[in-house]
Amino acid sequence: MSASAPAIAPAGAVSARSRSPLRTAAALGAGGLLLTGCGGGATPAAGGSDDLHARLPEAVRATGVLKIGSYLNYPPVEFRDSNASPAGIDPELAKAIGGRLGVKIEFVDMPFEKLIPAVQAKQVDLAMSAVIDTKQRQLGAADDGHQADPGVDFVDYFGSGTVMVVKAGNPLNLSSLDGLCGRAVAVQRGTVQDELAARQVPACQRVGKPLQIHRFDNDDQALAEVASGAAAADLNDYPVAQYNTTQPGRAGTFQLANTNYLQAGPYGITVAKDNTALRDVLARTLDNLIHNGEYDKILAKWNVRRGAVSSAVVNGGL
């Protein structure tokens, strides 16, 4: 997303860095960060957690740890705080899940495009990193429809969508994808926003106004493109776009082109297809957190209650 601007984090917090270079599979396990689940380590908490703990796969119960892949450079969904610890919506939800399951949470920071392969290769137990649940990802399908990988399952936990970030004042009066024709748009590589922009290219070609897509490793680079005028807009997830248009240093620089989603899609906890036991206990645990109010408190803290779901849904993406 050109020269990288520093990621903006909540007061008292800083971002670690731009997206790191691609790592080899052997290195993916390095740099794990532990978050102790509420209820104390591997001891199941009260209130029905004993039953949830017993439903975990034997390998997880044996280690007492859930290893979670995440790209920790996407505030407010996930980032590193001033102590370099995981912070944000996903780490807080993960900690609450760990507390109900009676296990510790270990975050493994890795590039976004490596998350699904890492889940499939069992290098991590699951991924939580604003991963949009789509049928294509569930099926492991390539753009041309052929089977590219085994696919993954999702436990949907947050309703999000793509919005457009533009310069403050919206000088180009942008409100739709068609308005980007004849211009350049900035996106983060490998995201649904990247796919959405790519699908708009033929439409722009038909009207004789080619769309240029500038792809970057992180959203700070995309925003720098918008700030400099090199790109007309940045396509991003709603929580991150809202954050980047309201935080100190960004308010008055960027704004949302409008509040409507260009494309809706839920965030999903990402689990290997053959790990149905983990998938199902995560869904039950998320429902538990929704019903006892912990889930809503976390979303309210980060001002993203618009995306709240009423229950966990498995593979609800389109």
Side-chain angles (χ1 to χ4, degrees), residues 1-8 18-19 73-77 112 130-132 134 136 143 158-267 302-307 317-318:
M1 300 188 169
S2 71
S4 177
I8 305 297
S18 298
R19 175 179 285 185
N73 191 17
Y74 204 52
V77 186
F112 182 84
V131 183
I132 299 289
T134 67
Q136 186 172 2
D143 290 340
F158 184 84
S160 186
T162 295
V163 293
M164 188 183 301
V165 179
V166 297
K167 280 187 176 181
N170 195 4
L172 299 176
N173 196 29
L174 298 174
S175 61
S176 68
L177 292 173
D178 288 341
L180 294 174
C181 292
R183 310 183 192 278
V185 63
V187 297
Q188 185 176 329
R189 185 179 290 108
T191 61
V192 295
Q193 287 79 30
D194 189 351
E195 297 169 5
L196 183 62
R199 291 198 298 270
Q200 181 64 20
V201 168
C204 292
Q205 288 175 335
R206 285 194 293 271
V207 297
K209 296 180 178 180
L211 171 64
Q212 298 178 43
I213 303 175
H214 295 177
R215 295 178 171 91
F216 299 96
D217 288 335
N218 64 65
D219 193 53
D220 284 328
Q221 294 169 340
L223 288 172
E225 284 270 300
V226 176
S228 71
D234 167 31
L235 300 184
N236 213 327
D237 291 343
Y238 163 72
V240 178
Q242 181 194 51
Y243 185 85
N244 284 329
T245 56
T246 58
Q247 290 300 298
R250 302 269 172 112
T253 302
F254 304 107
Q255 73 172 60
L256 300 183
N258 56 41
T259 58
N260 297 326
Y261 290 159
L262 301 175
Q263 175 177 280
Y267 288 171
W302 294 100
N303 194 30
V304 291
R305 293 181 67 183
R306 173 182 176 181
L318 301 176

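We number each residue from 1, following the sequence as shown. Since the model is a prediction, treat every value here as computed from it, not as a measurement.
Between atom CG of residue Leu235 and atom CG of residue Leu196 there is a gap of 6.0 Å, rounded to the nearest 0.5 Å. With values rounded to the nearest 0.5 angstrom, Cys204 atom SG is found 8.0 Å from Leu177 atom CG. Here the straight-line distance linking atom CD of Gln188 with atom CG of Asp220 works out to 9.5 Å at 0.5 Å rounding. With rounding to the nearest 0.5 Å, the separation of CG in Leu256 from OG in Ser175 is 13.0 Å. With rounding to the nearest 0.5 angstrom, the CG atom of Asp194 is 11.0 Å from the OG1 atom of Thr162.
A heavy-atom distance below 4.5 Å is found between the side chains of Phe158 and Val304. No side-chain heavy atom of Leu318 sits under 4.5 Å from any side-chain heavy atom of Thr134. Residues Val240 and Pro75 are not in side-chain contact: their nearest non-hydrogen atoms beyond the backbone lie 4.5 Å or more apart. Considering only heavy atoms from C-beta on, Asn244 comes within 4.5 Å of Leu223 through its side chain. Between Asp234 and Phe254 the shortest side-chain heavy-atom distance does not fall below 4.5 Å. Using a 4.5 Å cut-off on side-chain heavy atoms (C-beta onward), Pro239 and Ser160 make contact. Put simply, the side chain of Leu180 does not reach to within 4.5 Å of the side chain of Gln200, judged on heavy atoms.
In plain terms, the two heavy atoms of Ile132 and Gly265 that are nearest each other are CD1-O, 3.7 Å. The two residues Val77 and Ala130 come nearest to each other via the heavy atoms CG1-CB, 3.9 Å. Between Gly159 and Tyr261, the closest heavy-atom pair is O-OH, 4.1 Å. Contact between Ala197 and Val187 at its shortest, heavy atoms only, is CB-CG1, 4.3 Å. For the pair Arg183 and Ala232, the tightest heavy-atom approach, listed with the atom from each and the gap, is CD-CB, 3.8 Å.
Looking at Asn303 and Tyr243, their side chains never bring a donor and an acceptor atom within 3.5 Å of each other. Arg215 and Gln193 share no donor-acceptor pair across their side chains, judged by distance under 3.5 Å alone. A donor-acceptor contact under 3.5 angstrom links the side chains of Asp237 and Tyr267, judged on distance only. Between the side chains of Asn236 and Asp219, at least one donor-acceptor pair of N or O atoms lies under 3.5 Å.
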Per-pair distances, 0.1 Å, donor-acceptor, side chain in residues 163-174, under 3.5 Å, sequence neighbours excluded:
residue: Asn170; atom: OD1; partner: Asn173; partner atom: N; Å: 3.4
residue: Asn170; atom: OD1; partner: Leu174; partner atom: N; Å: 3.0
residue: Asn170; atom: ND2; partner: Leu174; partner atom: O; Å: 2.9

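Cation-pi check for Arg305 over Tyr238 is not met; the charged atom does not lie both under 6.0 angstrom from the ring centroid and within 45 degrees of its normal.
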